[in-house]
Every structure is written in C-alpha cells, then in structure tokens.
Amino acid sequence: TEPASEKKNSFEFGIYGGVPLGVAKIGKTLFRADPGIGFRVAYDRTLHKWLSLDAGLAYIQYELSNNIPGRDWTSFVNTKEIELSLEALFHPTPGHRIDWYLGPGVVFVNYPAIESGGQSFPVDEDFTFVAEAGIDFPLKGDWALKCNVRWVESEIRIQSEDLELEVNA
C-alpha cells in the first residue's frame with residue numbers, strides 16, 4: 001500500500017461531532033449548546049511530502065438548553081452549524097505507511113436563524129481559527145481510516161429586541 005503522504009489528492013468524508021464548551025448566563029438562567037453530530041467532507045491536496053492543504057465543509061446540529069435555578073437542563077431549540085475551512089497540515093513523518101499530521105487554519109462558521117415558538121432569531125456568523133491533529137491508517141486500495149481532533153473557537157450569538165445570548169460552541 002502506498003504511504004498516505006505520497007498521495008497527491010484525497011477526498012474525505014465522515015461523521016463529525018462537536019462538543020461545545022461554553023455556558024452563558026442571563027440573569028439566573030444558564031444557557032449552553034449540547035454536543036452535536038453531523039458530517040464533514042474535505043479535499044486534501046499534497047503540496048510537498050510534508051505539507052498539504054485541506055479544504056472542508058462540515059455540518060452539525062446542536063440543541064440549545066437552558067437551566068433555570070431549581071430545575072434540570074431543558075432543551076428548548078435546535079440550531080445548525082455550517083463550517084467552511086482551509087487548513088495547512090504539516091506531516092512530520094513523510095514516507096511512512098501511517099501518516100500523522102497537525103496544523104492551523106481558518107474557518108467561516110454560519111449559524112442559520114433559529115426558529116422557536118413561531119419566532120425567528122438571527123444568529124451572527126463567525127470567522128475564526130481552527131487547529132487540527134490526526135492520524136491516517138491505510139486500508140485496502142485507496143481507502144484509509146482517518147481519526148482526528150479539531151478545535152474551532154466559535155460563538156453562537158443570538159440577538160433580538162428582548163434577548164442577547166452568546167454561547168461558546
């Protein structure tokens with residue numbers, strides 16, 4: 001099997017999960033985005049044996065939850081996240097059968113408007129950074145199993161006349 005680092009072009013698709021870390025507070029009520037799941041597709045172009053560019057599109061659906069003092073967390077609305085990213089990935093072990101990589105990038109994050117109770121709440125877009133580290137295990141033929149971790153620093157910002165909410169996602 002050809003080492004992953006020697007392939008010039010690769011197309012990737014797979015399951016993509018998100019684990020938001022932030023909590024926002026309005027008065028005594030807490031708000032958070034719960035972990036979500038979606039998919040990611042990407043094109044990776046090798047520029048040099050130790051450098052590649054990765055352009056990707058990801059989609060995740062989250063539930064927003066609130067916690068009023070004295071109650072459990074309650075899901076009150078779903079939101080979607082669409083990411084367009086471009087990353088420069090460094091491959092420190094070119095020529096090896098198993099390829100590991102890491103690198104920075106930029107990402108445009110779009111949150112479509114949230115619909116709740118017959119109302120539509122616009123959500124701000126975000127242009128931010130991404131960091132990725134991962135490893136590719138070659139399988140039969142041109143297939144490989146890709147396992148990676150990505151950090152995207154983003155915020156869900158909802159604004160209306162009566163509400164301004166910002167949750168790190």
Side-chain angles (χ1 to χ4, degrees), residues 1-24 30-65 73 75 77-114 123-158 166-169:
T1 303
E2 181 181 10
S5 60
E6 291 181 12
K7 295 182 190 252
K8 292 290 183 195
N9 302 294
S10 69
F11 295 94
E12 306 160 0
F13 59 93
I15 296 171
Y16 188 60
V19 182
L21 302 175
V23 175
L30 299 174
F31 294 86
R32 73 175 183 205
D34 294 328
I37 194 156
F39 67 90
R40 182 171 191 266
V41 295
Y43 168 71
D44 190 85
R45 172 71 179 164
T46 300
L47 302 176
H48 188 274
K49 62 184 177 183
W50 48 263
L51 180 67
S52 68
L53 282 181
D54 182 278
L57 169 69
Y59 170 89
I60 302 176
Q61 183 167 329
Y62 295 106
E63 287 188 349
L64 295 182
S65 298
W73 284 94
S75 174
V77 68
N78 287 331
T79 187
K80 298 164 185 66
E81 174 183 296
I82 300 166
E83 298 176 3
L84 292 171
S85 61
L86 181 63
E87 300 164 58
L89 299 176
F90 173 63
H91 302 259
T93 56
H96 286 82
R97 185 169 148 74
I98 295 175
D99 180 34
W100 72 276
Y101 53 88
L102 61 139
V106 293
V107 62
F108 171 76
V109 184
N110 177 273
Y111 300 98
I114 292 175
V123 181
D124 291 348
E125 298 165 338
D126 203 0
F127 187 75
T128 186
F129 70 91
V130 60
E132 179 173 351
I135 190 166
D136 292 348
F137 300 96
L139 302 173
K140 244 185 169 140
D142 289 335
W143 292 91
L145 175 64
K146 180 182 200 86
C147 300
N148 62 12
V149 175
R150 300 176 81 226
W151 174 271
V152 177
E153 178 68 28
S154 182
E155 295 176 341
I156 299 172
R157 289 184 298 276
I158 304 167
E166 193 171 291
V167 179
N168 288 332

> Hey, is the main chain of S154 close enough, under 3.5 Å, to the side chain of T128 for a donor-acceptor pair?
Replying inline: no
Are side-chain heavy atoms of [X] and [Y] found at a separation under 4.5 Å?
X    : Y    : answer
W151 : L21  : yes
F31  : L64  : no
T46  : H91  : no
S52  : Y101 : no

Which heavy atom of [X] sits nearest a heavy atom of [Y], and at what distance?
X    : Y    : value
D124 : Y111 : O-CD1, 3.5 Å
P35  : Y62  : C-CD2, 4.1 Å
A88  : L53  : CA-CD2, 4.0 Å
E153 : D126 : O-OD2, 4.0 Å
G103 : L89  : N-CD2, 4.0 Å

Say you draw a straight line from [atom1] of [X] to [atom2] of [Y]; how long is it, rounded to the nearest 0.5 Å?
X    : Y    : atom1 : atom2 : result
F127 : L84  : CZ    : CG    : 10.5 Å
D142 : N9   : CG    : CG    : 11.0 Å
W50  : T93  : CH2   : OG1   : 14.0 Å
I37  : Y16  : CD1   : OH    : 12.0 Å
R97  : D136 : CZ    : CG    : 12.0 Å

> Does Y59 have any side-chain contact (heavy atoms from CB on, under 4.5 Å) partners at least two apart in sequence or in another chain, and if so, which?
Replying inline: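 Only F39, Q61, K80, I82 meet the side-chain contact (heavy atoms from CB on, under 4.5 Å) criterion with Y59.
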>> One pair to check against side-chain contact (heavy atoms from CB on, under 4.5 Å): V130 and E83. What are the steps and the verdict?
In response: CA-CA 10 Å; V130 60; E83 298 176 3; over 6 Å; no
> Under the salt bridge (Lys or Arg N to Asp or Glu O under 4.0 Å) test, which residues partner E87, sequence neighbours left out?
Replying inline: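 If we apply the salt bridge (Lys or Arg N to Asp or Glu O under 4.0 Å) test to E87, skipping adjacent residues, the hits are R40, R150.
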> Do other residues, nucleotides or ligands put more than 12 heavy atoms under 6.0 Å from the CH2 atom of W73?
Replying inline: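 Yes, the 6.0 Å shell around CH2 holds more than 12 heavy atoms from other groups.
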> Quick check: are there more than 12 heavy atoms from other residues, nucleotides or ligands sitting under 6.0 Å from CD1 of I15?
Replying inline: no
> Between W143 and F13, what is the ring plane arrangement, given parallel below 30°, perpendicular above 60°, and tilted in between?
Replying inline: perpendicular
